[in-house]
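Remarks on the structure that follows.
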Amino acid sequence: MSMTNDEDYIGDELTMPTLPVPNQSPANPDDFYKMAFQFQKIMMIYESAIKQIETKLDILNKENKVSRKRNPIETIKSRIKSPDSIAKKLEKKHLPVTFESMMTNLNDIAGVRVICPYISDIYSVREMLLKQPDITLIQESDYISEPKQSGYRSLHLVIEVPVYLSKTEHNVRVEIQLRTIAMDFWASLEHELHYKNDADVPDSIRRELFRVAETIAMTDREMEEIALELQALD
């Protein structure tokens with residue numbers, strides 16, 4: 001995310017303060033207030049980027065509805081990473097825990113998840129989004145055509161979208177994950193097992209998860225084939 005000068009900013013933009021971490025207090029209350037204000041403003045910019053993406057997706061869905069076409073989007077979810085999650089990710093990457101570092105090095109501070117009925121809808125939404133002139137594709141990872149070793153499937157896009165404030169423009173990166181309903185159900189279960197279970201996941205469960213992922217992928221393909229056959233009857 002590229003940040004331009006802003007007269008309303010508190011603090012020195014060139015030497016960003018570190019993110020607050022548990023059990024660590026700033027040197028004085030003024031430093032805390034400045035840090036809190038700066039973090040709040042940065043998060044507001046990321047939230048504004050999410051709103052823009054959500055609005056674009058909503059408009060695309062409404063266009064299909066007016067055209068009496070099937071909606072390619074089932075649901076849209078969004079989230080902003082917490083300060084603790086941001087700090088932990090920077091530490092894991094052995095990067096400085098600063099505002100400047102997080103804006104430069106992390107692509108998923110702002111996240112939007114798009115749930116689609118069918119696999120073809122995922123690529124249709126991708127194409128419609130990337131056609132828009134104010135969206136720039138930064139990175140793409142297709143875990144549908146090439147699933148992860150665990151069986152995880154999803155299409156990940158890191159895009160950049162401009163956010164205009166009263167005096168400044170900010171190019172903000174947002175990670176967009178596009179999945180089918182079945183892929184999202186599987187990914188939610190896998191996430192819960194891997195990140196909310198203190199014990200290591202046994203190999204037997206990993207194998208079962210992979211088997212279920214393969215079954216879900218087959219079901220996704222079969223459901224789409226049935227939908228196409230039904231459409232041909234109209």
Side-chain angles (χ1 to χ4, degrees), residues 22 43 46-47 49-50 53-54 57 61 71-95 97 102 105-127 129-130 137-159 173-227:
M43 290 299 101
Y46 277 107
E47 287 168 0
I50 283 178
I53 298 300
E54 289 177 326
L57 292 168
N61 234 14
N71 286 352
I73 299 171
E74 185 72 23
T75 55
I76 301 168
K77 306 174 184 177
S78 63
R79 64 102 182 98
I80 293 281
K81 272 189 178 296
S82 67
D84 185 57
S85 179
I86 291 169
K88 286 179 178 177
K89 188 158 190 177
L90 289 171
E91 288 173 349
K92 186 177 180 180
K93 290 176 174 284
H94 305 291
L95 295 167
V97 185
M102 79 176 194
N105 297 299
L106 300 185
N107 291 329
D108 61 346
I109 293 174
V112 176
R113 184 173 300 158
V114 184
I115 313 301
C116 301
Y118 303 110
I119 295 173
S120 61
D121 294 328
I122 291 172
Y123 294 100
S124 295
V125 172
R126 172 203 178 276
E127 184 179 356
L129 265 181
L130 296 184
L137 178 64
I138 303 298
Q139 181 180 319
E140 181 171 5
S141 300
D142 190 342
Y143 299 118
I144 298 174
S145 60
E146 296 183 16
K148 289 187 177 182
Q149 190 174 0
S150 64
Y152 174 86
R153 287 169 168 82
S154 185
L155 179 65
H156 291 198
L157 306 175
V158 176
I159 60 94
R173 277 172 284 163
V174 179
E175 183 187 60
I176 303 174
Q177 297 178 354
L178 298 108
R179 304 172 178 171
T180 63
I181 300 167
M183 289 175 192
D184 187 55
F185 172 76
W186 185 93
S188 298
L189 176 61
E190 191 223 16
H191 183 275
E192 183 176 350
L193 285 173
H194 281 275
Y195 296 97
K196 294 186 179 180
N197 192 335
D198 293 334
D200 290 334
V201 179
D203 288 340
S204 59
I205 294 181
R206 293 180 189 275
R207 288 193 296 269
E208 188 68 9
L209 270 172
F210 181 81
R211 185 192 67 77
V212 172
E214 292 297 302
T215 302
I216 284 174
M218 185 184 301
T219 303
D220 266 336
R221 291 191 293 269
E222 290 175 348
M223 289 299 293
E224 184 154 10
E225 288 173 4
I226 292 170

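For clarity, every value in this text was computed on a predicted model and none was experimentally measured.
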request  = Report yes or no: does S78 contribute a side-chain atom to a donor-acceptor pair with the main-chain N or O of G111 at less than 3.5 Å?
outcome  = no
request  = Go through the structure and list residues passing salt bridge (Lys or Arg N to Asp or Glu O under 4.0 Å) with E208, not counting sequence neighbours.
outcome  = R211
message = Test of understanding: with side-chain contact (heavy atoms from CB on, under 4.5 Å), list the residues that count as partners of N71, not counting sequence neighbours.
response = N61, N64, K65
ask   = Can you check side-chain contact (heavy atoms from CB on, under 4.5 Å) on L57 and I176, steps first, answer last?
value = CA-CA 11 Å; L57 292 168; I176 303 174; 5.6 Å; no
inquiry  = Any heavy-atom pair between the side chains of L129 and I159 that's under 4.5 Å?
reply    = no
ask   = Got a second to check how far I76's CD1 is from C116's SG, nearest 0.5 Å?
value = 9.0 Å
note = Across all chains, not counting sequence neighbours, the side-chain contact (heavy atoms from CB on, under 4.5 Å) partners of I138 are T136, V158, E160, R173
key: Minimum heavy-atom distance between P72 and P117, given as atom pair plus value   = O-CD, 3.3 Å
message = When you compare the side chain of R221 with that of E224, does any pair of heavy atoms fall below 4.5 Å?
response = no
ask   = Is any side-chain heavy atom of S150 closer than 4.5 Å to a side-chain heavy atom of W186?
value = yes
ask   = Residues in side-chain contact (heavy atoms from CB on, under 4.5 Å) with S204, at least two apart?
value = P202, R207
remark   = Rounded to the nearest 0.5 angstrom, the CG-CG distance for L106 and L90 is 4.5 Å
query = When you look at CE of M223, are more than 12 heavy atoms from neighbouring residues, nucleotides or ligands closer to it than 6.0 Å?
reply = no
message = Would you compute the distance between atom CD1 of I119 and atom CG of L155 and round it to the nearest 0.5 angstrom?
response = 11.5 Å
query = So, do D142 and Y123 sit near enough that their side-chain heavy atoms are less than 4.5 Å apart?
reply = yes
task = Go through E74 and I181 one step at a time and tell me if the side-chain contact (heavy atoms from CB on, under 4.5 Å) criterion holds.
result = CA-CA 8 Å; E74 185 72 23; I181 300 167; 4.0 Å; yes
key: Selection residues 148-157 - residue pairs positive for salt bridge (Lys or Arg N to Asp or Glu O under 4.0 Å), sequence neighbours left out   = R153-E214
request  = Enumerate the residue pairs fulfilling salt bridge (Lys or Arg N to Asp or Glu O under 4.0 Å) with a member in residues 105-126, sequence neighbours excluded, ordered by first and then second residue.
outcome  = R70-D121, K81-D108, K89-D108, R113-D184, R126-E140
Stepwise side chain to side chain donor-acceptor pair (under 3.5 Å) test for R179 and Y152 = CA-CA 10 Å; R179 304 172 178 171; Y152 174 86; 3.1 Å; yes
key: Euclidean distance, I80 CD1 relative to S85 OG, rounded to 0.5 Å   = 11.5 Å
query = Are L189 and L209 close enough that some pair of their side-chain heavy atoms sits under 4.5 Å apart?
reply = yes
